[in-house]
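Residue numbering restarts at 1 for every chain, and letters A, B, ... go by the order of the sequence lines.
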Amino acid sequence: MTYLNDLNDQQREAVLTSEGPVLILAGAGSGKTKTVTQKIAYLIQERGVSPYHILAFTFTNKAAQEMKDRVEALLGQSVQGMWIGTFHSICVRILRRYHDCLGYDGNFSIYDRSDQLRAVKETLKDLNLSKDLFKERSVLGAIGTFKNQGIGPEACLDPTSSNFYDEKIAQIYKRYEEKLKENNAMDFDDLLLKVVDLLNREEDIRTYYQFHFNYFFVDEYQDTNPIQYQLIKLLCPPKPNLTVVGDNDQSIYAWRGADISNILNFEKDFPEAKVILLEQNYRSSQNILNLANKVIAHNSNRKDKKLWTDLEEGKKVEYREYSHSQEENKDVVNLIIQRRNKGYAFSDMAILYRTNAQSRGFEEYLMMEGIPYKVVGGLKFYDRKEVKDLLAYLSLLSNGKDDLALARIINTPKRGIGEATLGQVQAYGQEIGQSIYEVMEGLEENDQLKIRAQKKISKFVDLIHLLREKAKTKSIPDLMETVLFETGYLKDLQEEDTIESRNRIENLEELVSAAKTYEEEHPEDSLEDFLSSLSLMSDVDKTEDKEEGVQLMTVHGAKGLEFPVVFLVGMEERVFPSGRSLDEDEDNLEEERRLCYVAITRAKKELYISSARNRVQYGKTVANLPSRFIDEMGEDLERVKTYSSYRMEKSPSLEVKSYPTSPKVSLTGDYKQKPKEDPAYHSESKKDIHVGAKVRHKKWGLGMVVSLKDKGKDQEVVVSFEGKGLKKLLLSYAPLEVVSK
DNA sequence: GCCCTCTTGTTCGAT
DNA sequence: ACAAGAGGGC
């Protein structure tokens, strides 16, 4: 194997240690993927291992694809049959095969976060719990935490120290699980949980897989959670040929249950484990690495590890402080143009930020300059209403028990079947153990349930029947078009004929063509396969890399990627590190610091860091100090004066006030105007309004003013009307006249 | 049941 | 700033 010569000593050792457990502690840019792919190629070519017996977990589908491609390139042959994918997609594969043992149908739906929130919401309604007391998000967070640790609804309550809230959470968890089961649906966590459950319970299946797979790989091991760890343990025989790769300094998913002790305890879990350290970095210049090392050294809970490189020192990392985020937006775009003129392609550059909402300002200026760019994640295509609607139709066609999907589209387009009707049917279905759609199907022959909208429901059932028939013969993209046509969905949008509706039609067309592409690539796959692969795609998976353009993404999204030029923006206290991490404990801050380390180590040649004193957030301007991470970088940072930093030095207090806070750019050219106040409403008599005054309202008749208070430019007046009760009105708009003082 | 308007929460990150 | 949800009128 001549290619082994490309490897350094540690990498080669990792490749050649083919038997037994191996932990590869791989620093950022240390050739981790290269090592793993060479190891797989080595196993197949030199050790005669069949790809069928290799199981590899990656973090994204894209990473899986890349690994597969690289192995094939090394071998010059296809490695079809190798099990490589994310934890979730591999679990789906197992579940589609053994769903029977879990009491699920093979066409189960997969619920994403927004589906989960809807399910929690319904659960709260079922249990009659106030959603002021039980916030959907925190309930879901609690359930997720249990699931990530493999704790079921029965086990989640500690009987010795439970309180009202914990008991209710346990109840909600239980009902939520039942609901998903009734809908023949699983959420993301379930995909792992159910497989663990299956393997725990069914010895045959466990033994089958333990014998089937001989070599195991886990990428990004520092980000595995307890349930993933259990899964690995269950699939592996006692002395596994298990190679895990990770970097404890890049653990950035504690918030979704990742347990850093998985990597720290690997040697304890597998006593014969060999640990190999990859510290030589092939990606970044020395200056960039120094900065990364310096920042991460401030963390206490870590294994010391220092990246070094043979590469040149490179350009110093630059830091710019702006007075306002808009200025940052603009200047970064200027820098991008400069870099481009120096010979970098736009696609060589990336803007990395802490939160998705920060992309907007950069997009505006990029667009203005006509620079191609791509936003990874954020406002997601697959989260758009019309996309979710069409997919909900497909889910319902595939899985008739999916009440959530049905509820989404039963009245879209309008069919005159509203909430009341739906509630009736659902309640009845609950009683007799049927899904909403099943009840609807049998409604005409049903004497017990009388529903006013029965005719409308029958029409809907006929429609679904028709579509199901078509689904049998048509390809997925054809089926989509049929759904859009037969339901009248497309017609409604066409008739609406607004900028928005045209946009929605375009999105639907894009979805149809995505289905076409999928079908070409996976000609054998069913509708269920298509739907699940859509739900399991990560943001990075969804972006095609062939297009040219500046990449915009969160630091989380940039994990595992690299760019010649990186702009790390918004380095401010309460932005990065995030406000919430500062309000909580030290562990959170350390995770933010690791995140910062990840961001820095994405850069190969040039890194530009920036912060803004003032930033528009939630629609208003807030002031923040530069991030503590900037201080921690110290001398290694070259502080470049900006126009505003120069001004700030001179008169910092003035500057904050003088910068215009109103957005000056509008890309559509349609500047929003505040509605002008109509002077006609300011009749003379209104000036006499005071608490206690008798007034007459056009609609409500006579009443008395109870209170009066300023609200912006307007005044809010509360009037008690005879027989009608209290009404809150805005003085300038309400058709009121004073009857007597 | 539908539509309009006002309120509320979002923005920490994501399979 | 913006979207989704709630609430009330029709």
Side-chain angles (χ1 to χ4, degrees), chain A residues 57-61 63 85-92 110-114 116-118 121 131-132 135-137 144 147-148 187-192 220 223-225 227-228 252-258 353-361 376-380 383-385 411 414-422 452-453 456 500 532-542 553-559 570 574-584 588 591-592 594-595 598 615-622 662-663 666 672 699-700 711 716 724-725 727-730 733:
Chain A
F57 292 110
T58 58
F59 200 68
T60 61
N61 291 296
T86 62
F87 277 97
H88 293 87
S89 59
I90 283 176
C91 285
V92 169
I110 298 171
Y111 282 179
D112 66 12
R113 194 181 150 81
S114 64
Q116 286 182 290
L117 282 169
R118 277 165 190 263
K121 199 171 163 187
K131 65 178 188 323
D132 297 326
K135 299 271 178 224
E136 287 149 27
R137 294 166 156 271
K147 287 193 169 188
N148 281 328
D187 61 25
F188 285 138
D189 299 327
D190 281 338
L191 299 175
L192 309 182
E220 309 284 8
D223 284 324
T224 51
N225 63 28
I227 192 80
Q228 290 165 336
I252 55 174
Y253 283 96
W255 51 272
R256 71 174 208 218
Y353 35 76
R354 179 65 180 83
T355 68
N356 277 310
Q358 286 165 255
S359 73
R360 211 194 170 87
V376 177
L379 266 187
K380 283 167 217 131
D383 282 346
R384 307 251 164 89
K385 183 186 179 301
N411 210 23
K414 298 266 177 298
R415 297 188 177 91
I417 306 172
E419 216 157 298
T421 308
L422 198 63
R452 202 175 325 148
K456 293 167 179 168
E500 201 196 342
S532 50
S533 94
L534 277 194
S535 17
L536 296 180
M537 267 205 276
S538 71
D539 286 338
V540 189
D541 296 331
K542 285 168 191 160
M553 65 188 88
T554 62
V555 181
H556 281 94
K559 177 177 155 160
R574 309 203 74 78
V575 177
F576 196 174
S578 80
R580 262 194 239 179
S581 72
L582 293 177
D583 298 336
E584 289 163 19
N588 284 289
E591 179 150 319
E592 293 287 311
R594 290 194 292 271
L595 195 55
V598 168
R615 171 172 302 279
V616 183
Q617 255 173 330
Y618 294 109
K620 50 180 197 241
T621 305
V622 291
S662 61
S666 165
K672 280 187 186 160
K699 195 181 299 161
W700 305 107
K711 215 172 180 188
E716 183 190 86
K724 305 275 181 186
K727 298 286 169 197
K728 226 185 255 180
L729 305 158
L730 274 186
Y733 292 103

With [X] via side chain to side chain contact (heavy atoms under 4.5 Å, CB included) - residues at least two apart:
| X | value |
| --- | --- |
| Ser533(A) | Tyr518(A) |
| Arg615(A) | Ser325(A), Glu328(A), Gln358(A), Glu572(A), Val575(A), Ala612(A), Gln617(A) |
| Arg415(A) | Tyr393(A), Asn411(A), Pro413(A), Ile417(A), Phe460(A), Leu463(A), Thr487(A) |
| Glu419(A) | none |

Quick test: give all pairs of protein nitrogen or oxygen and nucleotides 1-5 of chain B nitrogen or oxygen below 3.5 Å, distance rounded to 0.1 Å.
unit_1 : atom_1 : unit_2    : atom_2 : d
dG1(B) : OP1    : Thr421(A) : OG1    : 3.2
dG1(B) : OP2    : Gly418(A) : N      : 2.5
dC2(B) : OP2    : Asn411(A) : ND2    : 3.0

Problem set entry | Closest-nucleotide ordering on DNA chain B, the 5'-leading residue of Thr86(A) and Glu592(A) |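 Checking each residue's closest nucleotide, the 5'-ward one belongs to Glu592(A).
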
For this session: Please name all residues satisfying ring pair (Phe, Tyr, Trp, His ring centres under 6.0 Å) with Tyr353(A), sequence neighbours left out, ordered by chain then number.
Result: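 Here no residue qualifies.
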
Problem set entry | With sequence neighbours excluded, residues passing ring pair (Phe, Tyr, Trp, His ring centres under 6.0 Å) with Tyr253(A) |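 Scan of Tyr253(A) (ring pair (Phe, Tyr, Trp, His ring centres under 6.0 Å), adjacent residues dropped) gives Phe59(A), Trp255(A), His556(A).
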
Rounded to the nearest angstrom, tell me the gap between atom [atom1] in [X] and atom [atom2] in [N].
| X | N | atom1 | atom2 | result |
| --- | --- | --- | --- | --- |
| Arg615(A) | dA1(C) | CZ | P | 16 Å |
| Gln116(A) | dA14(B) | CD | C1' | 11 Å |
| Lys385(A) | dG5(C) | NZ | P | 11 Å |
| Arg113(A) | dG13(B) | CZ | C1' | 11 Å |
| Arg118(A) | dG5(C) | CZ | C1' | 11 Å |
| Lys559(A) | dT15(B) | NZ | P | 11 Å |
| Leu117(A) | dA4(C) | CG | C1' | 12 Å |
| Gln228(A) | dA14(B) | CD | P | 16 Å |

For this session: State whether the side chain of Glu591(A) and the backbone N or O of Ala254(A) hold a donor-acceptor pair below 3.5 Å, judged by distance alone.
Result: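 A pair under 3.5 Å: yes.
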
Exercise. For Asp189(A), what residues pass the salt bridge (Lys or Arg N to Asp or Glu O under 4.0 Å) criterion, not counting sequence neighbours?
Worked result: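 Applying salt bridge (Lys or Arg N to Asp or Glu O under 4.0 Å) to Asp189(A) gives none.
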
Exercise. Touch check for Tyr253(A), heavy atoms < 4.0 angstrom, all strands: base, sugar-phosphate only, or nothing?
Worked result: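 Contact class for Tyr253(A): sugar-phosphate only.
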
Protein and nucleotides 9-11 of chain B: nitrogen or oxygen contacts under 3.5 angstrom:
unit_1  : atom_1 : unit_2    : atom_2 : d
dT11(B) : OP2    : Arg137(A) : NH2    : 3.0

Exercise. Can you check whether Val555(A) reaches Ile252(A) side chain to side chain, under 4.5 Å on heavy atoms?
Worked result: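 No, side chains not in contact.
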
Problem set entry | Any Asn356(A) side-chain N or O less than 4.0 Å from OP1/OP2 of dA14(B) |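 Looking at the OP1 and OP2 atoms of dA14(B), one of them is under 4.0 Å from a side-chain N or O of Asn356(A).
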
Exercise. Within the structure, does a side-chain N or O atom of Thr554(A) lie under 4.0 Å from either OP1 or OP2 of dA14(B)?
Worked result: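 For dA14(B), OP1 or OP2 has a side-chain N or O of Thr554(A) closer than 4.0 Å.
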
Problem set entry | Per Lys121(A) side chain, nearest of listed nucleotides dG13(B), dT15(B), dG5(C) |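 Looking only at side-chain atoms, Lys121(A) lies closest to dG5(C).
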
